[in-house]
Amino acid sequence: MNDAIRKVVMPKWGLSMTSGKVTEWIASEGDEIADGDDLAEIDTDKIAGALESADEGVLRRIIAQVGEDVPVGATIALIAPADVPDAELDEAALLAREELDSGAVAEVAGPVTGSVEVDGRTVCFAALGEGEETVVLVHGYGGDKNSWLFVQEPLSQSHTVYALDLPGHGESTKDVGDGSLDVLAGAVLGLLAERGIERAHLVGHSLGGAVVVAAAAREPARVASLTLIAPAGFGSRINAGYLRGFAEARSRRELKPHLAALFADPGQVTRQLADDLMRYKRLDGVDKALGALLGTLLDGDEPALDVAPLLSEVDVPVAVVWGRQDAVLPATNGEGLDDVEYVERAGHMVHLEQPNAVVVAVNAVTNRR
């Protein structure tokens, strides 16, 4: 096949994903495509999201039809320059269609999972990519490593990317000690030490943003850059009602209304999302962990964290990304920070609603020296 013809494949979003379904083609055959443009809406058994292009050119052929179940790794479209002959595109499209119909699709390797022991706690992670430089993704309150599913894969094209579960979250130990920022920052630094990572680019969302700032202030030699996504610990506004509602919810019915605060698009609040979070909240030790961490985040109805002084001590490139419609930590909290990229049509979970904005920011800051 002509090297100028680029395959668009069904992505692997998450460890358990084996297939996906195109629910809508956003782009049409003949459209000019730029790197990061939305191509199609993809639905999995866990989450729906927009598939973004990793190439530029013209969308020459659409292979997978709307509503069709497609194995991970199968070709769903072809992008090529306009001067590539149609005959070559037709041949490549025929081969892709035959592969899809036969089901003989090469298995796509997903993230490698593992764990390390840090201060008597098990910290779990998922690693993807083989780049020389390492990026570590740190989630927020109530999140886990899977919340980075739209970001980890594209970043892994040029970096080795770790997504971890902080103590109290995901598959990691549910013991958070006193729930302090120091405990959480220690988990991140411990991961680096145990995996032999001398220096890393740290990316933190919400509570994770405060965590990576604290980690950088504690061991500056281990941190190459910081990307802060709607970080806690800046500004004077916080949605205490959401945080308490999340911590206290005992059923999907109680939880689901609070989840609307996370997204600009309420359609992102699916039954599957609520079910997955309730499954997590029912694990032994989670209630205690969330309660301890709530004390780290809140002082009454006000923010308890102020990491701006810590950030002032850190001498590395810093980028900040904030959703304009953030209803948990409002975007106005970023007014005292430099280099803030405000993202339209995004709420608190920018990395799920507008992941390309996060990928672009991380790639840019990791290239700054």
Side-chain angles (χ1 to χ4, degrees), residues 8-18 20 35-36 38-39 42 44-55 72-73 107-116 123-140 142-166 169-172 187-188 191-192 195 197 200-209 211-212 224-230 268 273 276 319 321 343 346 348-367:
V8 179
V9 302
M10 180 61 69
K12 187 175 180 65
W13 287 339
L15 299 172
S16 63
M17 180 177 172
T18 59
D35 185 3
D38 288 348
L39 297 176
I42 305 292
T44 78
D45 61 344
K46 292 288 187 183
I47 196 166
L51 174 64
E52 297 172 347
S53 176
D55 296 292
V72 166
E107 185 176 350
V108 175
V112 175
T113 59
S115 64
V116 295
V123 176
C124 295
F125 64 83
L128 187 64
E130 298 179 347
E132 290 185 9
E133 297 192 75
T134 299
V135 173
V136 177
L137 308 171
V138 184
H139 62 78
D144 62 22
K145 59 183 176 292
N146 291 318
S147 66
W148 298 104
L149 48 85
F150 296 150
V151 171
Q152 187 175 21
E153 194 280 332
L155 287 177
S156 72
Q157 302 303 310
S158 53
H159 302 87
T160 299
V161 187
Y162 283 79
L164 61 77
D165 289 330
L166 288 171
H169 298 79
E171 297 176 306
S172 291
V188 175
L191 172 74
L192 299 184
R195 296 296 294 174
I197 301 166
H201 302 275
L202 302 186
V203 181
H205 169 247
S206 195
L207 173 59
V211 170
V212 299
S225 73
L226 292 173
T227 304
L228 311 178
I229 305 166
Q268 295 280 353
L273 174 64
D276 287 347
V321 180
V343 183
H348 191 56
M349 305 296 282
V350 189
H351 50 308
L352 286 177
E353 290 193 283
Q354 301 293 337
N356 190 58
V358 174
V359 172
V360 168
V362 175
N363 281 328
V365 79
T366 57
N367 288 325

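Contacts of Pro154 classified as side chain to side chain contact (heavy atoms under 4.5 Å, CB included), with partners at least two apart in sequence or in another chain: Val359. Under the side chain to side chain contact (heavy atoms under 4.5 Å, CB included) criterion, Val9 pairs with Lys7, Thr75, sequence neighbours left out. The salt bridge (Lys or Arg N to Asp or Glu O under 4.0 Å) check on Asp55 picks up Arg6, with sequence neighbours excluded. Every side chain to side chain contact (heavy atoms under 4.5 Å, CB included) that Asp38 has, sequence neighbours left out, goes to Ile26, Ala50, Glu52. The side chain to side chain contact (heavy atoms under 4.5 Å, CB included) check on Thr134 picks up Val136, Thr160, Tyr162, Ile197, Ala200, with sequence neighbours excluded.
In this structure the side chain of Ile229 reaches within 4.5 angstrom of the side chain of Val358, judged on heavy atoms. Pro11 places a side-chain heavy atom less than 4.5 Å from the side chain of Leu51. Here the side chains of Val211 and Val188 are in contact, with some heavy-atom distance below 4.5 Å. By the 4.5 Å heavy-atom criterion applied to side chains, Leu226 and Val365 are not counted as neighbours. Side chains of Leu228 and Val212 form a contact here, defined as non-hydrogen atoms less than 4.5 Å apart.
Of all heavy-atom pairs spanning His205 and Ala230, the tightest one is CD2-CB, 4.5 Å. Taking each heavy atom of Pro355 and Val151 in turn, the nearest pair found is CB-CG2, 4.1 Å.
Distance alone, capped at 3.5 Å, is enough to place a donor-acceptor pair between the Ser172 side chain and the Cys124 backbone. Between the side chain of Gln152 and the backbone N or O of Pro111, no donor-acceptor pair lies under 3.5 Å.
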*Is there a side-chain contact (heavy atoms from CB on, under 4.5 Å) between Val112 and Leu128 once you walk through the steps?*
CA-CA 6 Å; Val112 175; Leu128 187 64; over 6 Å; no
_Pair His201-Thr366, side chain to side chain donor-acceptor pair (under 3.5 Å): steps then yes or no_ = CA-CA 7 Å; His201 302 275; Thr366 57; 5.2 Å; no
_Would Phe125 and Val116 count as a side-chain contact (heavy atoms from CB on, under 4.5 Å) here? Give the steps._
CA-CA 8 Å; Phe125 64 83; Val116 295; 4.1 Å; yes
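Atoms CG and CG, from Asp144 and Leu166 in turn, are 10.0 Å apart once rounded to the nearest 0.5 Å. Rounded to the nearest 0.5 angstrom, Leu164 CG and His169 NE2 are separated by 11.0 Å. Taking CE of Met349 as the start and CD of Gln268 as the end, the distance is 9.5 Å to the nearest 0.5 Å. Asn363 contributes atom CG, which lies 5.5 Å from atom CG of Leu155 (distance to the nearest 0.5 angstrom).
No hydrogens or angles considered: nothing links the side chains of His139 and Ser147 as a donor-acceptor pair under 3.5 Å.
The six-membered or imidazole ring of Trp148 lies near that of His351, with a centre-to-centre distance under 6.0 Å.
Applying the salt bridge (charged side-chain N to carboxylate O under 4.0 Å, His left out) test to residues at least two apart or on different chains, the pairs with a partner in residues 148-165 are Lys145-Asp165.
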